[in-house]
Amino acid sequence: MKIIEYGEENSEVIMLLHGGGLSWWNYRDEANLLKENYHVVLPVLDGHADSDTPFTTIENNAKELISYIDENFDGTILAICGLSLGGQVLVEMLSQRSNICKLAVIESALVVPMPMTAALIAPTFGISYGLIKKKWFSEAQFKSLKIQDKLYEDYYRDTCKIRKQDMIRFLKSNSSYVAKPSLANTTANVIIIVGGKEQKVMRRSAVILHTMIPNSNLQILNQYYHGEFSLNHHKDYVDLLTHLVSTL
């Protein structure tokens, strides 16, 4: 498992889990703001650029991260935040270990299965995977994601490194994931964030998570698209996170 770390080793620990197809730089700006007061851990999810582990399932990636926390931080940390696929991994971590963290921020995590989408991923990428390294195709994909321009070179470099089979596997897992009933047992303070301009299935997923997790807080950010909060508004994201930490 590849881990990027910021801040002093003896500080409280915050883990940030990037979105599918992205990498640790998803949260680089947040880490630079948080490092003065916290030890920030940015794992590269399985199957992504420079990861030393192929992607298998969301459940397995969550188990690996829990083991990492057990080995390095005595089994629990201050906060875990995750976007999209990273948010699904976070949901699974909370399901597998109720006290894995004190605070969890789940942003744009899909928990409504989309079987038709999952079935089309393998044949679609069998045809289009070779286009990923084409700049014109990459730029069009990047533009559709509504990500700030300064992250494009990171996006292009690391997308080109993702193997086709890993991409198919994590996209299929993303489209098929279902939150487990054990999620309700989490002891973490949980905030669920979704953009008001996201697809209806994402807003529905946020409501499902809010219903499943007792005393969770749901925030719908009406002006934002999928992942835009953490990717494009890092100062606001850190302000929210540090406020939430201060209330623990």
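- A donor-acceptor contact shorter than 3.5 Å links the side chain of Ser246 to the backbone of His243.
- Leu145 and Trp136 fall into different hydrophobic clusters, defined by Ile, Leu, Val, Met, Phe, Trp and Tyr side-chain heavy atoms under 4.5 Å apart, directly or through other members.
- The minimum heavy-atom distance linking Phe142 with Asp149 is given by the pair CE2-CA, 4.1 Å.
- A donor-acceptor pair is defined here as one N or O able to donate and one able to accept, closer than 3.5 Å; such a pair exists between the side chain of Gln148 and the backbone of Leu231.
- A distance-only check finds a donor-acceptor pair linking the side chain of Ser216 to the backbone of Ile213 [under 3.5 Å].
- The aromatic rings of Tyr6 and Trp24 sit tilted relative to each other, their planes meeting at an angle between 30° and 60°.
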Q: Apply side chain to side chain donor-acceptor pair (under 3.5 Å) to the pair Gln96 and Glu92, showing each step before the final yes or no.
A: CA-CA 6 Å; Gln96 292 186 19; Glu92 184 61 28; 3.0 Å; yes

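- Closest approach of Asn174 and Ser84 over heavy atoms only: ND2-OG, 4.3 Å.
- Side chains of His39 and Glu8 form no contact here, defined as non-hydrogen atoms less than 4.5 Å apart.
- Checked for salt-bridge contact, Lys150 and Asp29 meet the test: a charged N lies under 4.0 Å from a carboxylate O.
- At a threshold of 4.5 Å between non-hydrogen side-chain atoms, the residues Ile193 and Ile106 do not count as touching.
- Within the 3.5 Å criterion, the main-chain N or O of Pro113 finds no donor-acceptor partner in the side chain of Ser176.
- Ring orientation note: the planes of Tyr152 and Tyr156 are close to parallel, at an angle under 30° on the 30°/60° scale.
- One distance of note links CG of Asn60 with OG1 of Thr53; it measures 10.5 Å at 0.5 Å rounding.
- Summarising the geometry of Gly227 relative to Ser108, their closest heavy-atom pair is N-OG, 3.8 Å, with the distance given to 0.1 Å.
- The side-chain heavy atoms of Leu17 and Cys81, taken from C-beta on, include no pair separated by under 4.5 Å.
- The closest donor-acceptor contact from the side chain of His18 to the backbone of Trp25 lies at 3.5 Å or more, if one exists at all.
- Within 6.0 Å of the NZ atom in Lys235, the count of heavy atoms belonging to other residues, nucleotides or ligands does not exceed 12.
- For an aromatic pair to be called close, the ring centres must be under 6.0 Å apart, and Tyr27 with His234 fails this.
- Between Leu78 and Leu103, the closest side-chain pair of non-hydrogen atoms is not below 4.5 Å.
- A salt bridge does not link Lys2 to Asp52: none of the charged nitrogens lies less than 4.0 Å from a carboxylate oxygen.
- Sorted by first and then second residue, the salt bridge (charged side-chain N to carboxylate O under 4.0 Å, His left out) pairs involving residues 58-82 (not counting sequence neighbours) are Glu59-Lys180, Asp70-Arg97.
- Minimum interatomic distance between Gln88 and Ser173 (heavy atoms only, all atoms of both residues): NE2-O, 4.5 Å.
- Under the 3.5 Å distance criterion, the side-chain polar atoms of Thr242 are matched with a main-chain donor or acceptor of Asp239.
- The closest side-chain donor-acceptor pair between Glu198 and His226 falls under 3.5 angstrom.
- Checked by atom type and distance alone, the side chain of Asn72 pairs as donor or acceptor with a backbone atom of Tyr68 at under 3.5 Å.
- For Met93 against Ile69, the heavy-atom pair with the smallest separation is CE-CD1, 3.8 Å.
- With Asn222 contributing its side chain and Gly196 its backbone, the two residues share no donor-acceptor pair below 3.5 Å.
- Residues His48 and Ile162 have side chains in contact (heavy-atom distance under 4.5 Å, counting atoms from C-beta outward).
- With hydrogens and angles disregarded, no donor-acceptor distance shorter than 3.5 Å links the side chain of Asp158 to the backbone of Ala49.
- Linking ILVMFWY side-chain heavy atoms closer than 4.5 Å, directly or via other members, places Phe229 and Val194 in two distinct hydrophobic clusters.
- The minimum heavy-atom distance linking Ala188 with Cys101 is given by the pair CB-O, 3.3 Å.
- Both Val89 and Val112 belong to a common hydrophobic cluster when Ile, Leu, Val, Met, Phe, Trp and Tyr are linked at side-chain heavy-atom distances under 4.5 angstrom.
- Each of Val41 and Tyr38 belongs to its own hydrophobic cluster when Ile, Leu, Val, Met, Phe, Trp and Tyr are linked at side-chain heavy-atom distances under 4.5 angstrom.
- For the pair Ser182 (side chain) and Ser95 (backbone), a donor-acceptor distance under 3.5 Å is present.
- In the hydrophobic cluster analysis, where Ile, Leu, Val, Met, Phe, Trp and Tyr join through side-chain heavy atoms closer than 4.5 angstrom, Leu65 is grouped apart from Leu42.
- By the 4.5 Å heavy-atom criterion applied to side chains, Val190 and Asn217 are not counted as neighbours.
- Counting only heavy atoms from C-beta outward, the side chains of Ser51 and Leu45 never approach each other to under 4.5 Å.
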